[in-house]
Amino acid sequence: MGVYKNDIKAIVAAESNADLRKIGEKVFANERLTFEEGVMLFEKASLSYTGALANWVREQKHGDNTYFNRNFHIEPTNVCVFSCKFCAYSKLYANKEEGWELTIQQMLDIVKSYDGKPVTEVHIVGGVHPKMNLEFFVDLLKAIKAHRPELHIKAFTPVELDYMFRKAKVSVEEGMRIAHEAGLDSLPGGGAEIFHPEIRTQICEDKVDADGWLHIHKATHQLGMHSNATLLYGHIEKYWHRVDHMERLRQLQDETHGFNTFIPLKFRNMDNDMSNVPEVSIIEDMKMYAVSRLYLDNFPHIKAYWPMLGRNNAQLMLNFGVNDIDGTIDDTTKIYSMAGSEEQSPSMSTAELVALIKQAGRKPIERDTLYNVLTDYSVVEVEELV
Ligand code: V47
Ligand code: SF4
């Protein structure tokens with residue numbers, strides 16, 4: 001699209017703060033930003049400056065290509081042994097009347113309900129139920145693969161996996177091997193929240209810590225699988241906690257190159273134990289996406305998860321470093337609607353997603369989970385309106 005392309009060098013040259021000018025020059029030279037520079041972008045740079053740089057990087061990496069996939073979600077249970085303060089979704093085991101737990105057959109029936117539909121991925125993530133153990137999920141993975149072998153299974157966060165592995169008394173490496181052999185193809189990005197213990201102990205102290213989260217992703221990458229990473233922003237953290245989080249991810253990515261996508265998740269405050277914490281503005285959202293594009297120089301993709309952010313805001317982020325807009329979710333994904341997300345019952349057809357990306361002046365590309373191009377909708381008409 002190149003809104004900024006011709007003007008970007010002039011924007012940097014005109015910047016009055018010498019440190020920010022240096023950041024701009026480093027971005028052009030493909031030089032890595034330091035921790036201090038990451039914090040400075042959040043604290044000192046104007047949104048237009050950061051946004052212009054992030055857009056430039058986005059266009060260097062992907063041009064106008066904007067990716068989405070066709071997926072569906074399964075949430076095995078909302079019963080959870082943990083009690084993250086931001087979570088509006090989990091129900092304690094003791095309070096099961098408000099909880100649900102699906103059997104393997106029920107989950108397989110959900111998969112079967114997509115028979116004949118052109119979905120390429122199932123995303124499975126939920127609460128940590130004390131009775132849903134490694135054996136249970138191995139059986140689920142095998143059942144799905146037996147029914148539809150080509151469906152990519154992106155499932156389980158390190159929070160769920162850590163619990164399963166410890167209960168099964170297997171190492172992370174052994175547990176990941178078992179899950180992979182049963183059919184697990186990749187990991188979604190959840191459970192990362194904010195890594196730094198100063199914040200983590202306040203918002204989700206009882207679940208897997210930063211080292212544990214990173215260990216599971218490292219073991220995943222070592223098996224040749226890919227994964228995503230998230231960051232929960234806009235609550236009680238400071239800017240430097242966000243940069244610390246991204247720094248840890250950047251370091252692991254240097255080692256393994258296994259991450260595909262970074263997904264900043266905006267904290268929503270409805271019906272949880274942090275309802276007193278106000279939500280941040282759209283300006284903060286744009287900053288978060290833009291700085292992440294600049295800081296995570298070794299992450300191929302930055303995703304705006306539209307059910308959480310709202311489709312119009314997600315569209316806006318396509319000018320602030322974002323090149324992926326998740327998928328055509330067409331179920332009732334409860335984890336967000338319960339926390340007050342923009343989209344109470346997220347659902348968007350391929351035609352709607354394509355139109356949304358085109359309105360932003362970008363090229364809609366349907367991808368599979370691993371970013372192989374399936375259809376370029378800038379040259380192909382949307383064939384159906386499902
Ligand atoms: O880790 C929970 C977040 C995450 C709230 O990899 C909340 O493609 C905001 O990671 N406000 C799970 N966020 C979901 C997730 C995800 C989503 C979409 C795509 C992918 C991917 C991954 O949801 C949790 C937590 O950070 N979350 N409660 C809340 N109140
Ligand atoms: Fe459980 Fe996940 Fe909610 Fe934490 S965020 S309470 S681990 S469902």
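Just so you know, ligand 1 is whichever comes first in the structure, and atom 1 is the first atom listed for that ligand.
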Please work out, at 4.0 Å between heavy atoms, whether the side chain, the backbone, both, or neither of T157 comes within that distance of ligand 1.
neither
State the atoms of ligand 1, each with its element, that fall below the 4.0 Å cut-off from a heavy-atom position in G191.
1 (O)
A student checking ligand 1 against T230 at a 4.0 Å heavy-atom cut-off should list atoms 10 (O)
Check the angle between the aromatic planes of Y305 and H73 and answer parallel, tilted or perpendicular using the 30° and 60° thresholds.
parallel
Pairwise side-chain contact, P300 with K61, heavy-atom cut-off 4.5 Å (strictly under):
no
Logged contact type for M308 with ligand 1, heavy-atom cut-off 4.0 Å, is side chain
F267: numbered ligand 1 atoms lying under 4.0 Å from its heavy atoms
9 (C), 11 (N)
Given R32, which of E37, R250, K26 fulfils the side-chain contact (heavy atoms from CB on, under 4.5 Å) condition?
R250
So between K207, K85, E75, whose heavy atom ends up nearest atom 2 (Fe) of ligand 2?
K207
L265, V159, L232: member with heavy atom nearest to atom 7 (C) of ligand 1:
L232
Going by the atom numbers of ligand 1, which of them fall below 4.0 Å from some non-hydrogen atom of N228?
6 (O), 8 (O), 21 (C)
Sub-4.0 Å atoms of ligand 2 with respect to non-hydrogen atoms of V159:
7 (S)
Residue that, paired with N260, satisfies side-chain contact (heavy atoms from CB on, under 4.5 Å) out of T369, D324, N228:
N228
Per-atom contacts, ligand 1 versus N272 - under 4.0 Å to a heavy atom:
30 (N)
Which of the atoms of ligand 1 are close to I263, meaning less than 4.0 Å from one of its heavy atoms?
6 (O), 8 (O), 20 (C), 21 (C)
If you measure from each heavy atom of V128 to ligand 2, is any distance below 4.0 Å?
no
Is the Y233 to F267 ring centre distance short of 6.0 Å?
no
Hydrogens and angles aside, do T256 and H221 bring a side-chain donor and acceptor to less than 3.5 Å of each other?
yes
Taking 4.0 angstrom as the limit and counting only heavy atoms of G127, give me the atoms of ligand 2 inside it, by number and element.
8 (S)
Looking at ligand 1, would A88 count as a contact under a 4.0 Å heavy-atom criterion?
no
Step through it carefully: locate the ring centre of F195, locate the ring centre of H241, and say whether they are under 6.0 Å apart.
no
Where on Y305 is there a heavy atom closer than 4.0 Å to ligand 1, on the side chain, on the backbone, on both, or on neither?
side chain
Evaluating non-hydrogen atoms only, which member of K266, K207, K85, K154 is closest to atom 8 (O) of ligand 1?
K154
hydrophobic_cluster_shared for L151 and L374, side chain cutoff 4.5 Å
no
Could you tell me, atom by atom, which parts of ligand 2 come under 4.0 Å of a heavy atom of C80?
1 (Fe), 6 (S), 7 (S), 8 (S)
Taking 4.0 angstrom as the limit and counting only heavy atoms of G189, give me the atoms of ligand 1 inside it, by number and element.
6 (O), 10 (O), 21 (C), 22 (C)
Whether C204 has an N, O or S atom under 2.8 Å from atom 4 (Fe) of ligand 2:
no
Where's the contact between C84 and ligand 2, heavy-atom distance under 4.0 Å: side chain, backbone, both or neither?
both
Per-atom contacts of ligand 1 with E193, taking only distances under 4.0 Å to non-hydrogen atoms
1 (O), 24 (C), 25 (C), 26 (O)
